[in-house]
Amino acid sequence: VDPSHAWKAKSTIHAGEPITSLRADPLPDAFRGQNVEIYVEHGSLRIRASGQLMKDAFIGQPVSVLNLSTQTTVTGIYQGDGRVQVGVRP
């Protein structure tokens, strides 16, 4: 396991037992149901909307977000600090 990231145990880990990825999962950077800002940038244009995470999110990874204004689900990249960027091309 990477000690630079927070982890949560999948089951009880007793003193002296090794902690491996089979026994622990990384703790998400944001949690399902958390309110976020959805945004798209194109040059100097930036459009924002309020959203809610549909699943736990990790910085730099794709995540589904419910747009609270339109009630539609979009996919974007979780940027941290409660922000999800949509319209990102790989």
Are [X] and [Y] in one and the same hydrophobic cluster, where Ile, Leu, Val, Met, Phe, Trp and Tyr link if side-chain heavy atoms are under 4.5 Å apart?
X: Phe58; Y: Val36; value: no
X: Leu53; Y: Leu27; value: no
X: Val84; Y: Leu68; value: no
X: Tyr78; Y: Val86; value: yes

Other cluster members, Tyr39 - Ile/Leu/Val/Met/Phe/Trp/Tyr, side-chain contacts below 4.5 Å: none
Looking only at non-hydrogen atoms, find the nearest pair between Asp56 and Arg32 and report the distance.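 Shortest heavy-atom separation between Asp56 and Arg32 comes out as OD1-N, 2.9 Å.
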[X] (side chain) donor-acceptor with [Y] (main chain) under 3.5 angstrom:
X: Asp29; Y: Ile59; result: yes
X: Gln79; Y: Ile77; result: yes
X: Asn67; Y: Gly51; result: no

Do the charged groups of Arg46 and Glu41 touch, with an N to O distance under 4.0 Å? yes
If you round to the nearest 0.5 Å, how far is CD of Glu37 from CZ of Arg48? 5.5 Å
Under a 4.5 Å cut-off applied to non-hydrogen side-chain atoms, are Ile38 and Ser50 in contact?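 They are not in side-chain contact.
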Does the side chain of Val63 reach to within under 4.5 Å of the side chain of Met54, using non-hydrogen atoms?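 Of all side-chain heavy-atom pairs linking Met54 with Val63, none is under 4.5 Å.
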Among all residues two or more places apart in sequence or in another chain, which pass the side-chain hydrogen bond (donor to acceptor under 3.5 Å, both in side chains) test with Gln61?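 For Gln61, no residue satisfies side-chain hydrogen bond (donor to acceptor under 3.5 Å, both in side chains) once neighbours in sequence are set aside.
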